Every structure is written in C-alpha cells, then in structure tokens.
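Below, read A as the first sequence line, B as the second, and so on, with proteins coming before strands; counting in each chain starts at 1. Since this is a predicted model, take the numbers as computed values, not measurements.
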Amino acid sequence: MSRSTAPIGFEFSVRDYSLTGANTRQAIENGLSAAEWYHSEIPRKKLKLLMKRRDAPAIRDTVIWIALHFVFAAGGLYFWGSWLCVPFWFAYGVVYGSACDSRWHECGHGTAFRTRWMNDVVYHIASFQIMRNPVNWRWSHARHHTDTIIVGRDPEIAWIHPINLILKALAFVGIVETWISLKTLMRNAMANLSQEEKDYIPESQWHKAIFWARVHIAIYAAVLLISFVLLVSGAAWKSLIPILLIGGPRVYGCWHFVMTGLLQHGGLAENVLDHRLNSRTLYMNPISQWIYWNMNYHIEHHMFPMVPYYSLPALHEMIKDDLPPPNTSIWDGYKEMMGSVMKQRVDPNYAIRKTLPPTARPYRDHLHKAVPERNAGAVSSDRGGM
Amino acid sequence: MPWIDVCAIDDVEEEDVIRWDHEDRTYAIFRSVDDEFYCTDGLCTHEQVHLSDGLVMDYEIECPKHNGLFDYRSGKALRAPVCEDLQTYETRVGNGRVLVFIE
Ligand code: FES
C-alpha cells in the first residue's frame, strides 16, 4: 500500500460520512460548513440577464418529454411479444428513469420555469419517478449546495471512501438504490424519519415528508396490485406491463442519470471551498445534454445556482477562462475520473487538481486551508486576490 | 431620527435590489416594476446569505444560495428552503431619495 498523500482539501483526522458523526463536528468547528466559496466574477448586469427566467424553454422541453413517454410506451405495447418492443422500452426507461433526475433537480431549484406552480408540478412528478421523497431531497440538496463534498455535512456525496466499485457498477441497474429508496419511502410513510433526515429537514416540514411518502407508496402499491390482478387473471408476461410503465424504469432506465451523475464530483477533491476543485464541467453529445438538462456545466451550476439550465451554456462561455478546461466528452470524463478513482482506492487523499488556464484566478486554497482565521472575520463574498 | 436616508432612487434599477448596511445591520432595498421601494432585512432567513445578490422577479426575491423565495413587500417566505419570514421596514421617497424607517 502506498503512503497517503496530503489531501488538496482540509484534512480530517478520520473520514466519517454520516451527518451526525466526528467529521460533522470538525467541519462545523473548522468553518467548512456554510462557508464562503469562490466564484468567478460576473458583472451584476450580465448575471441578471443570465438569471432571467422564462417559461418557454422548459414548457417546450416538458411537452417533448411527456410526449416521448407516450410515444415510447405506445411502441413498447404495440410491439409487445416481439423483440421490436425492446428498443421502445429501453427509450421509455431513459425518459422516465433518467431524464427525471435532471427535471427533479432543476425544478427543485425552482429555476426551470418562471411560473412557480409549473416547477412544483414537474418537481413532484420527477420526484415520484426517481423514488425520492420530494421533501427530504429538497433539503438534502440545499445542504449539498451549502457544503458541497464536505465530509460529514453533504448528504449527497456519491463517491464515499473506501470506494466500492461493485456497488458503483450495480448503481447503473438501479436495483440497490431502488430497494433503498423504497425502504426509505416506506419508513417515512410510517412516520419514521432517521436522525440524519431530522438533521437536515426542519421540524416544520416533517409532516410533509410523511405525507408525500404515503402518496408515493400508495401509488406503487396500486401498481403492484394491478400487476397481481393481471397475473392471477391469466395475463402471464403482460402482467409486468404496469411495472414496466410505473416504477420499473427506475431500475432499467436509470443508467443514463447514474452515468452523468457520477461525473459531477467523481475523482475530485473533498473538503475544499472552490467548486473548480470538486466539480466537473464537460461537453457531451446533444441527446445526453438534453436528457441531463445541461447539468454537464456543473461547476457553473454550483457557482451560480440561480442560472436556469437553458442559460448555462451562455454562463459557461462567459466564465470558462476562469475554469479548468472541460472534459471533451463523457468518455474523456470517465477516463479522467476512473484514473483518479483507482488511485483513491489506494490513497483516499488523492484527487485531481487540473491546471487552470493562465487567464484564471488561482485556486482559492486559502479558503479551506485557513478557515479558522477567516471565520473570525465573517466575510460573505469572495472579492480578494491571492 | 427614525427615517434614515438610504440612497438616490436611481441607485436601484427597476426590478432589482441593492444592499444597504446601517449601523451593525444589513438591509435589502428593492425597487419594484411599478417603481415602488421596499426594504427588508438583508440576510436570508435560511442561511444568512445576502439577498442583494439574488434575483428580483415581480414582487419576489429569490435567494442566491438555494433559491428560497420571499415576497419582499410582506417579507413572507414563499418557497423552501426558507420557512421564516423576513422582517420588513417602511420606506418613503422624497427629493429623489429613498428613506427607510428604522426604529
Ligand atoms: S440561504 Fe437563502 S435559501 Fe438558503
């Protein structure tokens, strides 16, 4: 076993990813939680234009998204019994089980549509599709933005050390996650919130978490019941259709969102306060980018979460000279990420530190290296030079 | 003197917000689409982030950190993750200046 390198980010004595453990205390004591983060400079006038909300792009995309559900499901049903139905179910799985993740994400931020109720409706549909309690995950995602990849604070760290590659590979077929999600929804439906959920969800919202878990569980129970009735009435394989339509795509169609999601922070640093060190921006093919609603501009999204998905390419153009060079494709991103992950399996402190272009401001290592001193002076935005 | 002179009306663009620090507090001064001025506490009630970096849409301010939403006229919290309302302050305009009533 090789000797461990010094981490890029703040060094903890132990690594405990729970939200109530030793690292939680350490992160808070050392000012890594709710801290000041680096962001690229954009004049307010330009930023206001980028943040501007419109309904049209998300309505267009949502109409296409819903229509694709119907078209692919219709194809899958029409060709049922022949191999021709497979590509239709495959495509249905992706628009249901993968595109829902980015819809959940963007509508959870409230940035997809200008009209609030439209965000809320799509958020609830997508939360159901991805089997996430819409209340719990709204709060966990807020924490992910406050404390991105801060060990002990961020509930959404995908790459937990020591990295289990078998579990990561299984994530592409969603069986383990679906089982865990259903168990969590079931537990919440029985009015039981875990200590961690209680940590990041305010008490005033607990009853909502329980209500929505019950709604989700009731729908899944109805689907299973219909499937069972079909089976006992002699529908044979056709009794699977309700599950293929509702719930099943979380298993057989999730691979695309897992593929793109793992790239967001994989192989990068923990416990830093500069998103350029812990997030990845990459270019990808237009179909994946549409499914993913431009979240491939992930550094940009974390620096400016108010910019809606349809303005992220413009934001990228504006600040790319201050960011590490993007990966050129999903493949290129995986090559880089997996190279680092394999090293992290031996040395968890290892992380990629990309070379910044000469036009960029240097990485703000002082933000995470000197947090105690900085905390004494409660600064709210990063304006200073190195 | 409870009415405090804050800024010139042109210091705030239409449908926008600026930060105003006074004594040991920070406030947000809003100018609405219909040219009315409003004042609230300057920090989001969720995680103490300056609302002046946020986005004003109609009569709402969206927090720059987690997109929490407030009605800046009443201070009412409208969307999670904000649950607690903002404190608001009376404003008036005179001689091209914005004034806020601070007790
Ligand atoms: S800090 Fe304002 S919504 Fe979280």
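Proximity to chain A is limited to the backbone of B:S52, based on heavy atoms less than 4.5 angstrom apart. Only the side chain of B:E47 comes within contact range of chain A, with at least one heavy atom under 4.5 Å from a heavy atom of that chain. For chain A, no part of B:L43 is nearby; none of its heavy atoms comes within less than 4.5 Å. Only the side chain of A:K45 has a heavy atom closer than 4.5 Å to any heavy atom of chain B.
Here A:K48 does not pair with B:E15 in a salt bridge; the nearest charged N to carboxylate O distance is not below 4.0 Å. For the pair B:D16 and A:R44, the salt-bridge criterion is met [side-chain N within less than 4.0 Å of a carboxylate O].
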Start with the C-alpha distance between A:D120 and B:R79, add both sets of side-chain angles, then the distance that settles salt bridge (charged side-chain N to carboxylate O under 4.0 Å, His left out), and finish with yes or no.
-> CA-CA 10 Å; A:D120 291 342; B:R79 181 175 69 206; over 6 Å; no
Full working for salt bridge (charged side-chain N to carboxylate O under 4.0 Å, His left out) between B:D58 and A:R114 | CA-CA 11 Å; B:D58 301 327; A:R114 184 186 167 100; 3.2 Å; yes
Salt bridge (charged side-chain N to carboxylate O under 4.0 Å, His left out) between A:R116 and B:E60, worked out = CA-CA 11 Å; A:R116 198 147 32 105; B:E60 293 166 0; 3.4 Å; yes
List the steps, then state whether side-chain contact (heavy atoms from CB on, under 4.5 Å) holds for A:M306 with B:K65.
-> CA-CA 8 Å; A:M306 301 182 71; B:K65 188 76 184 174; over 6 Å; no
Could you walk me through whether B:E62 and A:T111 pass the side-chain contact (heavy atoms from CB on, under 4.5 Å) check?
-> CA-CA 10 Å; B:E62 188 178 291; A:T111 44; 4.2 Å; yes
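Shown here for A:P305 and B:P64, the closest heavy-atom pair between the two residues is CG-O, 3.5 Å.
Contacts with chain B (heavy atom to heavy atom, under 4.5 Å) involve these residues of residues 138-149 of chain A, listed by number: A:R138, A:W139, A:A142, A:H145, A:T146.
A 6.0 Å sphere centred on CG of B:N95 holds no more than 12 heavy atoms belonging to other residues, nucleotides or ligands. Other residues, nucleotides and ligands place more than 12 heavy atoms under 6.0 Å from the CD atom of B:E14.
The line from CG of B:N67 to CE of A:M51 is 10.5 Å long, rounded to the nearest 0.5 Å.
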